[in-house]
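The structure appears below as structure tokens.
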Amino acid sequence: MSINNAVDVIRELFIWLSHQRWYVSPWSPEYAQSPAHIDSMETDIALTWSNVGVAALLLGINVALSLWLRLGMASSIAVAALRCIGQLTMLGILLKQIFATGNPVYIFGMTAVLGVLAASEVTYWRAKRRFPGMFGGTFAAIMGSALLVALFGNAYALNMSPAYTAVKFIPTIGMLFGNCMIGVSIGTGSVMDALDVHRARAEAMLCFGASRWEVVRPVVVDALRNALLPTITNMGITGLISIPGVMTGWILAGADVLQAARYQQIILFMISASTASSTLLSVLFCAFVLVDSVPSLRLDRLIETNPQPRIESRMPSRASSRIALLRSGCRPKSELIQSAFHM
């Protein structure tokens, strides 16, 4: 019976996939009538490569400053400009196909790729230190939080049906990924720094029988506060100094200003929710990796991304001396367990 059910599921999946559109020719009427193409043609004059070239001339200011002050950044500016043109052009071609086909496989496939890139950025590029399993935990936190918030927001706040409609879902979840990445990076970095700097306090708490949660709770609270402060501050000052990016895009596209303002408000609330949930998950994961279930402090699991030589003082600090005195009469749980195994 179970084999027959599996065969039926595979058959239905094959039928569903066979009815999806996988490619639309750029010369077909469907391609020209895709939402992005219609909006750009009706509300503004089509831009050409000559317009991009005129804007690129403004980079001459950056190059001139670099040459004048001998900053050595002229080649970096040129490479960055070429990468910007190439990457955005390829992204535009890819999104055009996804918008034209509306294939859920493409939509969620690109979502997964963006999630992997965000987790890689946090783990391997932004973090000064990392720990085992950091990439997997970061990916699960960012992907899960952003995906749930994007689906809920598109379905009930933006009134999209289905909720994964490409023209709204992909730009929205891209913004969520970017802000979640910043929050997770700040939060996990704060946890690692706090446990490293205040290791004496953590070891003293463990020595006197504190539980795992009692040790990591103040660290988690401070990390969440540090990570969420930029998002909350940005939400509070939006509209006072500058027009936000999403609202600017809608206005440039010819949308009603009040509609653009409402869309910006929805996006900001979605960003706040996804950043808070993803940061909480990643911070808890980081804290529970560095304070194990024994419980004991496991700073040996930290891996330096760019190891620097550490200069250690020959004279013991007052805090370390006190910890040594405490340990002479009160051994931590981790040491008691290790000594029990050697008996």
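Classification of the Phe152-Tyr156 ring pair by plane angle, with boundaries at 30° and 60°, yields tilted.
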Check your understanding: Can Cys286 and Met134 be said to form a side-chain contact (heavy atoms from CB on, under 4.5 Å), step by step?
Key -> CA-CA 8 Å; Cys286 177; Met134 183 176 178; over 6 Å; no
Practice item. Kindly indicate, with the supporting measurements, whether the criterion side-chain contact (heavy atoms from CB on, under 4.5 Å) is fulfilled by Tyr164 and Asn154. Key: CA-CA 7 Å; Tyr164 55 84; Asn154 280 346; over 6 Å; no
**Study point:** Test log, rule side-chain contact (heavy atoms from CB on, under 4.5 Å), inputs Tyr106 and Phe99
**Key:** CA-CA 10 Å; Tyr106 289 160; Phe99 292 167; over 6 Å; no
Practice item. Applying side-chain contact (heavy atoms from CB on, under 4.5 Å), run through Met247 and Val257 and close with a yes or a no. Key: CA-CA 8 Å; Met247 186 174 177; Val257 177; 4.0 Å; yes
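Summarising the geometry of Val63 relative to Ala74, their closest heavy-atom pair is CG1-CB, 4.2 Å, with the distance given to 0.1 Å. Here the closest heavy-atom approach between residue Arg126 and residue Ser185 is recorded as CB-OG, 3.6 Å. In this structure, Thr188 and Val283 approach most closely via the heavy-atom pair N-CG2, 4.2 Å. Taking every heavy atom of both residues into account, Thr275 and Gly183 meet most closely at CG2-CA, 4.2 Å. Phe177 and Gly115 get closest at one heavy-atom pair: CE1-N, 3.7 Å. Shown here for Pro295 and Ala210, the closest heavy-atom pair between the two residues is CG-O, 3.9 Å.
Within the structure, salt bridge (Lys or Arg N to Asp or Glu O under 4.0 Å) pairs that include any residue of residues 53-62 do not occur (at least two apart or interchain).
Through direct or indirect side-chain contacts shorter than 4.5 Å among Ile, Leu, Val, Met, Phe, Trp and Tyr, Met270 is connected to Val149, Leu158, Met160, Met175, Leu176, Val246, Trp250, Tyr263, Ile266, Ile267, Ile271. Alongside Val221, the hydrophobic cluster contains no other residue (criterion: ILVMFWY side chains under 4.5 Å).
Asp222 meets the side-chain hydrogen bond (donor to acceptor under 3.5 Å, both in side chains) test with Arg225; sequence neighbours excluded. Scored by the side-chain contact (heavy atoms from CB on, under 4.5 Å) test, Phe269 finds Met235, Gln265 as partners (sequence neighbours excluded). For Thr111, there are no side-chain hydrogen bond (donor to acceptor under 3.5 Å, both in side chains) partners, not counting sequence neighbours. Annotation: side-chain contact (heavy atoms from CB on, under 4.5 Å) contacts of Val289 (sequence neighbours excluded): Phe131, Phe285, Arg301. In this structure Arg129 satisfies the salt bridge (Lys or Arg N to Asp or Glu O under 4.0 Å) test together with Asp193, Asp196, sequence neighbours excluded. In this view, Thr172 satisfies the side-chain hydrogen bond (donor to acceptor under 3.5 Å, both in side chains) rule with no residue, not counting sequence neighbours. Scored by the salt bridge (Lys or Arg N to Asp or Glu O under 4.0 Å) test, Asp256 finds no partners at all (sequence neighbours excluded). Partners of Arg70 by side-chain hydrogen bond (donor to acceptor under 3.5 Å, both in side chains), not counting sequence neighbours: none found. A search for side-chain contact (heavy atoms from CB on, under 4.5 Å) contacts involving Leu148 returns nothing, not counting sequence neighbours.
In this structure, Leu224 CG and Thr279 OG1 are separated by 7.0 Å, a value rounded to the nearest 0.5 Å. Summarising the geometry, atom OG1 belonging to Thr138 is positioned 10.5 Å from atom CG belonging to Leu281; distances are rounded to the nearest 0.5 Å. Going from atom CG of Leu82 over to atom CD of Gln87 covers 10.5 Å, rounded to the nearest 0.5 Å. Distance check: Lys168 NZ to Ile170 CD1 gives 13.5 Å after rounding to the nearest 0.5 Å. The CZ atom of Arg298 sits 10.0 Å away from atom OG of Ser293, with the distance rounded to the nearest 0.5 Å. Here the CD1 atom belonging to Ile77 is positioned 4.5 Å from the CG atom belonging to Asn62, to the nearest 0.5 angstrom.
Between Ser145 and the options Ser274, Ser278, Ser277, a side-chain hydrogen bond (donor to acceptor under 3.5 Å, both in side chains) holds for only Ser277. Put simply, the residue from Ile93, Ile107, Asn103, Val167 that forms a side-chain contact (heavy atoms from CB on, under 4.5 Å) with Ile98 is Ile107. Of the listed residues (Asn179, Ile182, Ile186), just one forms a side-chain contact (heavy atoms from CB on, under 4.5 Å) with Pro230, and that residue is Ile186.
When atom types are taken as modelled, the side chain of Ser120 and the backbone of Val116 share a donor-acceptor pair closer than 3.5 angstrom. Judged by distance alone, with hydrogens and angles left aside, the side-chain atoms of Thr238 form a donor-acceptor pair with the main-chain N or O of Asn234 at under 3.5 Å.
Leu228 and Leu268 are assigned to two separate hydrophobic clusters, defined by single-linkage of ILVMFWY side chains at heavy-atom distances under 4.5 Å. There is no path of hydrophobic side-chain contacts, each under 4.5 Å, that joins Phe139 to Val113. Hydrophobic clustering (side-chain heavy atoms under 4.5 Å, transitive across Ile, Leu, Val, Met, Phe, Trp, Tyr) keeps Ile85 apart from Leu88. Both Leu299 and Val219 are assigned to one and the same hydrophobic cluster, defined by single-linkage of ILVMFWY side chains at heavy-atom distances under 4.5 Å. Hydrophobic clustering places Phe135 together with Trp125 (ILVMFWY residues linked when any side-chain heavy atoms are closer than 4.5 Å, directly or through intermediates).
Side chains of Val216 and Trp213 form a contact here, defined as non-hydrogen atoms less than 4.5 Å apart.
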